[in-house]
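Not measured: the values here are computed from a predicted model. Just so you know, these numbers use all the heavy atoms, side chains as well, and skip hydrogens, waters and symmetry mates. Letters A, B, ... are given to chains in the order of the sequence lines, protein chains preceding strands, and every chain is numbered from 1.
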There are 2 protein chains.
Amino acid sequence: MASTIKDVAKRAGVSTATVSRVINGDPRISSKTKEKVLISIRELDYKINNIARSLKTNKTHTIGFICPELANTFFMTVAKGVEDELRKYGYSVIVCNSNESVEEEKERITLLLEKCVDGVIIIPASHSGSHFKDLTEQGIPVVLADRLVEDFSSDAVLVDNINGSYAVIEHLINSGYRRIGYIGGDIRLTSAKERDEGYKRALRDYLIPIDDNIIKYGDYHKQSGYDKMRELMEEKDPPEIVFISNYYMHVGATKFLIEQKEANRRNVAIASFDDMELASLLEFCKVLVSQPMLEIGNKAAGMLIQRINDSKDHEPQIIRLKTQLIVK
Amino acid sequence: MASTIKDVAKRAGVSTATVSRVINGDPRISSKTKEKVLISIRELDYKINNIARSLKTNKTHTIGFICPELANTFFMTVAKGVEDELRKYGYSVIVCNSNESVEEEKERITLLLEKCVDGVIIIPASHSGSHFKDLTEQGIPVVLADRLVEDFSSDAVLVDNINGSYAVIEHLINSGYRRIGYIGGDIRLTSAKERDEGYKRALRDYLIPIDDNIIKYGDYHKQSGYDKMRELMEEKDPPEIVFISNYYMHVGATKFLIEQKEANRRNVAIASFDDMELASLLEFCKVLVSQPMLEIGNKAAGMLIQRINDSKDHEPQIIRLKTQLIVK
DNA sequence: TTTCTGCATGTAATCGATTACATTATACTA
DNA sequence: TAGTATAATGTAATCGATTACATGCAGAAA
């Protein structure tokens, strides 16, 4: 049904090789021949069959993007950054949801291997990354985004979580706060661990004692933000302000506070990582750490393209992007 | 580098045809041979090359998903529903961002045609859909989600916007509200038009006069929600409650209200389409219309698979999913 | 024993491009 | 004018699978 390179060749009275050369911009083709071919292509509404092309060239111009959840604005804004950058180079993106499960992550990697993608960008589902080697062993470059993993090193685009956290806490201290609670994520995730580190380092630098009673760990999800905020508020000596290490826990924590009856409502403020959606509109929220989400995607895509085009084995490279402090 | 069907065949001492038959579950293969082949496959860590397979079978087991924006929870939750359903059938999804531009939408369609996808799910960028024919003319089935378009009819999964709107307004009236403002979307989008319709129909049914002064139209974006809420509040006789027809305008409108100084703050409530993220946590918000986002994606994927497997030309089919009223 | 049937497997063409190598045409040099 | 370099194009193998058709072989029937 659809016309092939043969049809074009026949109509233009040349060989398929010539047509192929025209399509690929081979400079040796005479302008007369090129013209003939282009006319035939137009007349037949010929569209190249990338499947066939890929079979020969071993390039699909498709990359995989694996992330722990699709309905998550952070991940999807990164994905947007990836798509934006990649399409400049004619690449498209197969989006995979690992559902925060290492098992599913493995499945997606197998899938992408079978689809013969040219490269993969991964926001890891967990701290473990040994299965990512399945990709690199087949010569498929991998770029990690947002988090690093154990047992696997590669290019990565991260944000400077430590200094992001540090800057908020420093700001809070300078604003007069002393009793600063914390709701962190699973510290097996590097992002969570680093934010933790920043929080503690700032307190130490300002000689404020670290009180484990007002440090709680959730799992980056709304519900855990809710639960941990409750735990904090039930402390004998609750914090004046709580620094929460991601947006969804921020939302959950806010929910808890809103639900408390006015009478019981503690006088507490919130600082939080992530300036997304309407984080800045949330009650209680005083300060935010904004991550350059699009840029994470852009850079990750850029690094991947580079690796794809230059297969020499360089040292893994890590880009750290800066966060921004947003005071309401 | 990677092993091919030939390597497997050689190692197992059979022909490539036999290996292919084992892979594809041909029942004629003797269990002895099958065993041999499977062992070779395992030993060589053979992974099928889908590029080569696709070239012969003319199926890529890949579908395209085009939506107006990636960093949008509604669209991405639909995408999640799509991915969830499709992976059951071994399909993967190329996600494309049309950036709310018909031009970019066209480009993505061309891209997907060249990638030889087996089908496409589109959340249209605008009211115009004539370019979708490029797909169906090549025999590639299309399923629309969320919105219909002019000049192109096909399978579609929509929500019952009219009754969704109607139900909120009815509820508000029953709760005693009479002066109910409205912030709608661009009525060239069918979803916006239908929500409009539901709003007006309910008012008429309850004999409440429709006052154009408290009906404003935005564009489904945050900023327009902000602007239109301001306009409403500047009316001589502002509404007691405003029904807003999507989440992002809801957020913007809330932002406007929050920013008003306590003193100036009008006593106004909000009802809104979409129960996403933290819609339900927003100040002022009393009632929500929840859309079954995952289900939209599931159904769209299901319809697409059906079309792909059964190429007979049936009448376009439209699924309307019900919304749910959520009273805070 | 011979012929036939049907199952299991093999042979080789094919999908639609790319590309190494071959060939022809053209221009330039001595 | 013959010889050679160069440019333009063609021929045909190839990528890795699928599959129509061919073949071989075991057991059943005669």
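Remark: P of D:dT9 and NZ of A:K36 are 7 Å apart, rounded to the nearest angstrom. In this structure, CZ of B:R21 is placed 11 Å from P of C:dT11, rounded to the nearest angstrom. Atom CG of A:L55 is separated from atom P of D:dA17 by 9 Å (rounded to the nearest Å). The distance between atom CG of A:N58 and atom P of C:dG16, rounded to the nearest whole Å, is 20 Å. Between A:I29 atom CD1 and C:dT26 atom P the separation is 16 Å, expressed in whole Å. Per the geometry, NZ belonging to B:K32 stands 12 Å off C1' belonging to C:dT9, to the nearest Å. A straight line from CD1 of B:I23 to P of D:dA17 spans 7 Å, rounded to a whole angstrom. The NZ atom of A:K10 sits 14 Å away from the C1' atom of C:dG16 (whole-angstrom rounding).
Checking D:dA17, C:dA17, C:dG10 against the side-chain heavy atoms of B:A17 singles out C:dG10 as nearest. Listed nucleotides: C:dA17, C:dT9, D:dA8. Nearest to the side chain of A:I5: C:dA17. Relative to the side chain of B:K56, the nucleotides C:dT18, D:dG16, C:dA8 differ in distance, and D:dG16 lies closest. Between C:dA17, D:dG16, D:dA12, one nucleotide has an atom nearer to the side chain of B:A52 than all others, and that is D:dG16.
The residue among A:I48 and B:S15 whose nearest nucleotide of DNA chain C lies closer to the 5′ end is B:S15.
The distance from the CD1 atom of A:I140 to the CD1 atom of A:I63 is 11.5 Å, given to the nearest 0.5 Å. To the nearest 0.5 angstrom, A:E107 atom CD is 10.5 Å from A:C96 atom SG. The line from CZ of B:R108 to SG of B:C67 is 10.5 Å long, rounded to the nearest 0.5 Å. Rounding to the nearest 0.5 angstrom, the gap separating the NZ atom in A:K56 from the CD1 atom in B:I51 is 14.5 Å.
Here B:V19 lies out of heavy-atom contact (under 4.0 Å) with every strand.
Contact annotation: A:R28 does not reach the phosphate of D:dA7 (side-chain N/O to OP1 or OP2, under 4.0 Å). Residue B:S30 places at least one side-chain N or O closer than 4.0 Å to OP1 or OP2 of C:dT9. Between A:S20 and the phosphate of C:dA17, there is no side-chain N or O to OP1/OP2 separation shorter than 4.0 Å. Between B:N49 and D:dC15, a side-chain N or O to OP1/OP2 separation shorter than 4.0 Å is absent.
The aromatic rings of B:H61 and B:Y91 lie tilted to each other, with the angle between the two planes from 30° to 60°.
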